[in-house]
Amino acid sequence: MASRHLTLGRIVLYAVLAYCVLYYLLPLTVMLFNSIKPLDDLKAGNVMSFPRSVTFAPWVKAWNTACTGVQCEGMKGYFWNSVSFVVPAVLISTLVGAFNGYVLTMWRFRGSNALFMALMLGCFIPFQSILLPMARTLGALGISQSVAGLIFVHVVYGIAFTTLFFRNYYVTLPEELVKAARIDGAGFMRIFHRIILPLSGPIIVVTVIWQFTQIWNDFLFGVVFSSGDSQPITVALNNLVNTSTGVKEYNVDMAAAVIAALPTLFVYVVAGKYFVRGLTAGAVKG
Amino acid sequence: MGALSIRKVRKSYGSTEILKGIDLEIADGEFLILVGPSGCGKSTLLSMIAGLDSITSGDIHIAGRRVNDLSPKDRDIAMVFQSYALYPSMTVRENISFGLEIRKVPVAEREAAVKRVAQILQIEHLLDRRPSQLSGGQRQRVAMGRAIARDPALFLFDEPLSNLDAKLRVEMRTEIKLLHQRLGTTIVYVTHDQIEAMTLGDKIAVMKLGEVQQFGTPREIYDNPANLFVAGFMGSPSMNFISARVDEMGSGYGLALENNGERFVFPAVNANGEMKNWLGKEIVFGIRPEQITQVGEGATNGHVVRQALKIDITEPTGPDTLVLAHVNGAKLTCRVHPSFAVAPGEKMPLQFDLSKSVYFDPATEQRIL
Amino acid sequence: MAMSQPVARERAGLMDMVESALPKIVLAPTFAICVVFFYGYIIWTAVLSMTPSRMLPNYEFVGLERYVELFSNDRWWLALKNLAIFGSLFIFLCLAMGLFLAILLDQKIRAEGAIRSVFLYPMALSFIVTGTAWKWILDPSIGLEKVIHDLGWTAFSFNWIKDPDMAIYTVVIAGIWQSSGFVMALFLAGLRGIDDSIIKAALVDGAPMPTIYRRIILPSLRPVFFSSFMILAHIAIKSFDLVMALTGGGPGFATDLPATFMYAFSFTRNQIGLGAASSIIMLMIVVSVVVPFMYSELRRSDRG
């Protein structure tokens, strides 16, 4: 469309883009810069001023000794909390989604499509409408303020998305593959293991990345279904930042925010294109 | 009891009936073709023979066993699909031996089978490649190899040549025929291409809208079609159908015809007593294009008549030229030698071999004579 | 003759029956989850919303009493008003921004991939992180206001985040920053999916670019508008994390949204009946947006 030569139009275009890029990078740079400033530097200047001296003390403090409410043990415990429920929840919900998608596309039966449509509701429920019953149920099961409870909740409400992803992907595989395998004598599990799974690489990556991002970044389930030692890092970060006691140590807060953001940012940087695929895959069919 | 026995088989999806009662029986080693236009139910029938689709009512027996309740893997069958359905993540070798692997055939036997099959189909050099690295024709061969390796009682082919280009299709057709001669296994082959049906089959079942219109050898189907549909479906270019009134002619009957304003009568050859019921009424007269040629040597006996017709269009095909005239308002295609064809608009003397003419009831479309 | 003799039998065995039931067995847990944890819980919440429950459930049926209480609550009305303001601005500006960025990026830019990554990375962050970062940027004492002051314009004031009337707009700003990249990705995919030959035909016909955009390109992006609208609406109605991190619902209750209201009343103020009622209203709002959309999508795919 536009010619590739350096016309006024192109210059304006790049200028506008550059401006937008700066706007989008702003918060991240703010967090990074301010997390390495000594506190007086920060107070004297503003969020966008360049560090006059650099220190990594805020990072150490954020990790080890920052105060989140009553306790002062930094983010590290909560970081590992998040890891301990995110990993199982991602693995389980992905596995279940894969099997569901497989059945819904290759082994359809009467009512299976209706079940799929009913399941899709799960992508739309505002979670506020299930918080109260879930809180009672977790209490009754004895896993109420624990990591196990968080795993449970994230798996239950993640299955709708993972099933959607796998189903939309498997629907593009030819049914004749399964027919040929059945004639060859393969059964349900063998067909999944030897034929479908080897073809599932891309969608597994997309699903894992999507689930990881959603579950790691979640706050609502974390704040409602956990407390104290079992809280995820997002809740801990919020507590840290909102504690009203003492001096506001913005630099420590920022360091803590970056720590909380690192895993998903890292995944994004490394495998970003799959992330995009996940967004568009989930979004395209509602 | 033959190799495959289909008795009163019906298939419905909900309230829609797809197959309305199919009865077919073929002997061991025969090559059965299921042919018909799309929607006739041939692929559904094949699916049911394979066990991929359930049978609503009726029985299917393979090699003497009733297989209605058996899953595909227990029916001792193998299938070649239109899209080949090769397993993308496996090599050719693994594709071929997959079925054997599942049946726990020992490694040495499996390798021997792969080798044997590869030799027959000339794909030895492809054994370590993946399907994505193969051409259409090569994939076709691997698909057949996978079927042959299991040495089943019955082969099923579902339009295997539809995805190939015309030239390759002709080559592969011959290969399939050679394979059948060599292996002698019973085959059920679905196609919509009537040329494949004629060249490959020992027996043909022409299907339409869930019913078998006619079941017989290629020769029977071609020379003695049971109804209008079969007559028109088999043969290319297809049979000419002319609506004509039956008149008395000498001691027998004749058909009243007209071309370009000129009237003439052809004798109704092969007519028997039946014809008198049609005196004065219109029937459909069928004659194939190759039975209408340029005038040649040879006596004009009772079955051969000559008539000049005004030609409207000519279509040179290379070996012949098809000339088109209009008789009784209907198109008449005639197959003549290129050097005799006249230009459009001119009149051409033509020779009609009426010995194979057929007649149909215009209302029921069934063959009268 | 046959290398491996198949079992010569005619009846389906036990293993066969298990095998054919396997697909249903596999889906069964998910089915149970769906019934219990989706639909069942919603019904449970609806039941709770019709009880006088305070700290613990009390299943005495009191009809719509909680809803009356809810709609007599000023804070709830403020939350709904905020949702309307936030929702409409958020959706509209995200769509506009997303479309704008997509059109820019569609112009065969060098380093398009890198620039696209920059616009999208906010989606990878938790709303808590986003809220925290923007909280400092918008804070008058160290944020934007201070930056401008330090540059010399001491008269500049930007303390929206502390101003009860303007605070909700700060939520809009942070929300757009987070979600517009996603909309951009959808629009970019949509733009790339447009058949080039239609554009070429229009150019040959002599149409100027703005007209081509208006009459050809934008209309063919309709499905993307709809999908994006639905997803953005969904995000807006659920917004909880962002508000908690950015303003904590404040100053006072000025940036309350239905989601924060529900949390406060259910878990902090121990009025779970009222909380349940508020969450049912939230559900109804979501349904009223999603259902017409799904219905029109289904209609379109039936016809198409």
Side-chain angles (χ1 to χ4, degrees), chain A residues 1-2 4 13 16-17 20-21 24-25 27 30-31 42 45-48 96 99-100 103 107 109 115 118-119 121-122 124-126 128-134 156 159 163 187-188 213 217 219-220 224 234 237-238 241-242 250 253 257 260-261 264-265 268 272 275-276 279-280 283-284 286, chain C residues 19 22-24 26-27 30-31 33-34 37-38 41-42 44-45 48 101 104 107 115 117-119 121 124-129 132-134 136-137 142-143 146-147 150 182 185-186 189 227 231 234 237-238 240-241 244-245 248 259 262 266-267 272 275-276 279-280 282-283 286 290 294 297:
Chain A
M1 292 185 193
R4 305 285 299 266
L13 179 63
V16 171
L17 274 175
C20 291
V21 166
Y24 277 86
L25 283 178
V30 160
M31 286 198 294
L42 214 163
N46 56 58
V47 285
M48 297 205 248
V96 174
F99 271 104
N100 285 351
V103 170
W107 296 91
F109 53 87
L115 174 61
L119 188 64
L121 174 88
F124 295 115
I125 309 179
Q128 280 73 18
S129 47
I130 53 91
L131 287 181
L132 289 166
M134 183 54 91
V156 163
I159 284 180
T163 303
F188 183 86
T213 307
N217 286 345
F219 177 73
L220 182 66
V224 172
T234 45
L237 175 65
N238 196 45
V241 163
N242 285 316
Y250 300 112
D253 293 348
T264 48
L265 262 185
Y268 178 77
F275 186 78
V276 179
L279 289 182
T280 44
V284 166
Chain C
E19 179 81 21
L22 215 39
K24 297 193 184 141
V26 164
L27 277 187
T30 302
F31 176 67
I33 284 177
C34 189
F37 298 105
F38 295 3
Y41 273 11
I42 290 176
W44 189 345
T45 303
L48 267 179
L101 291 175
L104 287 186
Q107 307 300 322
I115 297 181
S117 312
V118 168
F119 292 148
Y121 86 85
L125 302 175
S126 167
F127 273 112
I128 300 290
V129 169
T132 307
W134 279 96
W136 303 139
I137 294 175
I142 52 164
K146 183 104 190 305
V147 171
D150 287 352
F182 168 53
L186 291 181
S227 302
I231 295 167
H234 188 235
I237 296 169
K238 277 178 33 163
F240 173 73
D241 313 6
M244 294 300 275
M262 186 267 174
S266 307
F267 299 102
I272 60 181
S279 66
I280 293 294
M282 281 180 68
L283 177 66
V286 169
V290 167
M294 297 255 88
E297 270 295 287

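To find a chain, count down the sequence lines: A is the first, B the second, and so on, and within it residues start at 1. Quick caveat: nothing in here was measured; it's all calculated off a predicted structure. Side chains are part of it too, since the values below use all heavy atoms of this structure and drop only hydrogens, waters and symmetry mates.
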* Asked: Contact part of A/I130 toward chain C, heavy-atom cut-off under 4.5 Å: side chain, backbone, both or neither?
  -> both

* Asked: By a 4.5 Å heavy-atom criterion (distance strictly below it), what part of A/L13 contacts chain C: side chain, backbone, both, or neither?
  -> side chain

* To do: Heavy atoms only: give me the nearest C/M244-A/N242 pair and the separation to one decimal.
  =>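 Minimum heavy-atom contact is O-ND2, 3.8 Å.
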
Which one wins on heavy-atom pair count under 4.5 Å against chain C: [options]?
options                       : result
A/I159, A/V30, A/V156         : A/V156
A/C20, A/A257, A/A260, A/P126 : A/P126
A/V96, A/L115, A/T234         : A/L115
A/V21, A/V16, A/T163          : A/V21

Does some side-chain heavy atom of [Y] sit less than 4.5 Å from a side-chain heavy atom of [X]?
X      : Y      : answer
C/S117 : A/Y268 : yes
C/L283 : A/F124 : no
C/F127 : A/N217 : no

* **Part of C/I272 within contact of chain A (heavy atom distance under 4.5 Å)** =>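 The answer is both parts of C/I272.
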
* Please state whether the rings of A/F99 and A/F188 are parallel, tilted or perpendicular, taking 30° and 60° as the class boundaries. => parallel

Which one of [options] has the most heavy-atom pairs closer than 4.5 Å to chain A?
options                       : answer
C/V286, C/I42, C/L27, C/V118  : C/L27
C/T132, C/L125, C/I33         : C/L125
C/F31, C/F119, C/F267, C/W134 : C/F119

* Set of side-chain hydrogen bond (donor to acceptor under 3.5 Å, both in side chains) partners for A/Y24, sequence neighbours left out -> C/S180

* Return the set of residues passing side-chain hydrogen bond (donor to acceptor under 3.5 Å, both in side chains) with C/Y41 (not counting sequence neighbours), or none when no residue passes. => A/T137

